[in-house]
Amino acid sequence: MARRPVAWVVSLVLFAEALGVAALNWFLGVVVDRQNMSLAGLDPDMMSTSSKIGGVVFGLYFALCGLVALLVALRDRAPAGLGRVLLISAAVVHALLGAVTWGLVGWTAFLYMVVVFGLVVLLLMTYDGRPEQPADDAPGVSPGVPPGAAPGGGGAGGGAGGDGSPVTPPAPTTP
């Protein structure tokens, strides 16, 4: 299926976005610093510094999300724990930014945000409910043995229950 290519695309897009967000905020900080602009009496140096720090923080955030997507692509396993939380938060950020950019920037920026949102959600949903390990590597199942057969080759029923389990169920007791 398209699990790995989606993860690769998401990681590339998030890495590019991390670089773009960091560079844009850094540039805006330099512009504010060189123009010595002030907004409602705020300190221009503080505005410049906070813009640069915000750019670096959000750039690292998107880079970390891109790293999670890259690990998903390399391992071909669903993100778990903090990685899943990071990807969900990236999807929420893109949905909110998409709603804001429609009015402030225009429909092309909105379209970009919605596409990235859709890619992150697609990455999360394609791995949803998928077992953590492939069926061939499942413990207790020997390659070449049919699912109903006993692991030791002891016949068609396997264990006492006939379901292929090697453990016999406990004997019934009477009160």
Side-chain angles (χ1 to χ4, degrees), residues 1-35 37 39 42 44-144 147:
M1 189 141 143
R3 290 182 177 120
R4 287 184 118 172
V6 168
W8 282 106
V9 168
V10 168
S11 68
L12 290 176
V13 166
L14 287 175
F15 282 134
E17 192 171 9
L19 184 63
V21 165
L24 177 67
N25 279 320
W26 194 273
F27 173 73
L28 291 175
V30 168
V31 167
V32 167
D33 193 31
R34 289 190 182 163
Q35 295 291 323
M37 293 188 271
L39 179 67
L42 294 175
D45 293 329
M46 184 61 71
M47 289 173 47
S48 171
T49 305
S50 63
S51 176
K52 291 176 182 177
I53 290 172
V56 169
V57 167
F58 278 110
L60 289 175
Y61 165 71
F62 284 129
L64 187 60
C65 292
L67 179 66
V68 170
L70 180 66
L71 290 175
V72 167
L74 291 174
R75 295 178 180 167
D76 198 24
R77 287 183 23 202
L82 181 63
R84 187 165 182 84
V85 169
L86 279 172
L87 287 177
I88 291 171
S89 70
V92 170
V93 164
H94 282 90
L96 292 174
L97 286 176
V100 170
T101 57
W102 178 271
L104 295 177
V105 181
W107 67 271
T108 54
F110 169 76
L111 184 64
Y112 172 77
M113 289 296 166
V114 169
V115 166
V116 176
F117 168 72
L119 284 171
V120 174
V121 169
L122 184 62
L123 171 67
L124 289 167
M125 296 304 292
T126 54
Y127 285 96
D128 193 34
R130 185 169 182 223
E132 288 299 317
Q133 54 184 339
D136 295 340
D137 296 338
V141 176
S142 302

Note to self: Rounded to the nearest 0.5 Å, what separates atom OG1 in Thr101 from atom CG in Leu96?
What the structure shows: 10.5 Å
Item checked: Gap separating the CE atom of Met113 from the OG1 atom of Thr108, nearest 0.5 angstrom -> 10.5 Å
Note to self: How close do Ser11 and Gly66 get, counting heavy atoms only, and between which atoms?
What the structure shows: CB-O, 3.4 Å
Next item on the list: Answer yes or no: is there a donor N or O on one side and an acceptor on the other, between the side chain of Ser48 and the main chain of Pro44, under 3.5 Å?
Entry: no
Check: Considering the options Leu124, Val9, Leu14, which one meets the side chain to side chain contact (heavy atoms under 4.5 Å, CB included) requirement together with Leu119?
Finding: Val9
Margin query: I'd like to know whether OH of Tyr112 has more than 12 heavy-atom contacts from other residues, nucleotides or ligands below 6.0 angstrom.
Written below: yes
Next item on the list: State the CZ-OG1 distance between Arg4 and Thr126, to the nearest 0.5 angstrom.
Entry: 12.0 Å
Checklist line | Atom of Gly59, atom of Ala22 and distance for their closest heavy-atom approach | finding: CA-CB, 4.3 Å
Item checked: Donor-acceptor pair, side chain of Thr49 and main chain of Asp45, under 3.5 angstrom -> yes
Note to self: Students often mix this up, so state it plainly: with edges at 30° and 60°, are the rings of His94 and Phe62 parallel, tilted or perpendicular?
What the structure shows: tilted
Checklist line | Leu87 side, atom CG; Leu64 side, atom CG - distance, nearest 0.5 Å | finding: 9.0 Å
Note to self: Let's go through Leu60 and Val56 carefully: what are the C-alpha distance in whole Å and the side-chain angles of both, what is the deciding distance for side chain to side chain contact (heavy atoms under 4.5 Å, CB included) to 0.1 Å, and is it a yes or a no?
What the structure shows: CA-CA 6 Å; Leu60 289 175; Val56 169; 4.1 Å; yes
Next item on the list: Would you name the heavy atoms of Ala18 and Ala63 that are closest together and state the gap between them?
Entry: CB-N, 3.5 Å
Next item on the list: Over all heavy atoms of both residues, which pair between Ala91 and Val120 is shortest? Give the atoms and the distance, please.
Entry: CB-CG1, 3.8 Å
Next item on the list: Check whether any side-chain heavy atom of Val10 sits under 4.5 Å from a side-chain heavy atom of Phe15, and report yes or no.
Entry: no
Margin query: Measuring only between side-chain heavy atoms, which start at C-beta, is Leu70 closer than 4.5 Å to Trp8?
Written below: yes
Checklist line | Side-chain donor/acceptor of Arg3 to backbone N/O of Leu123, under 3.5 Å | finding: no
Next item on the list: Flag the pair Asn25 / Leu28 as yes when at least one side-chain heavy-atom distance between them is below 4.5 Å, and no otherwise.
Entry: yes
Check: Do Val21 and Tyr61 have side chains that get closer than 4.5 Å, going by heavy atoms?
Finding: no
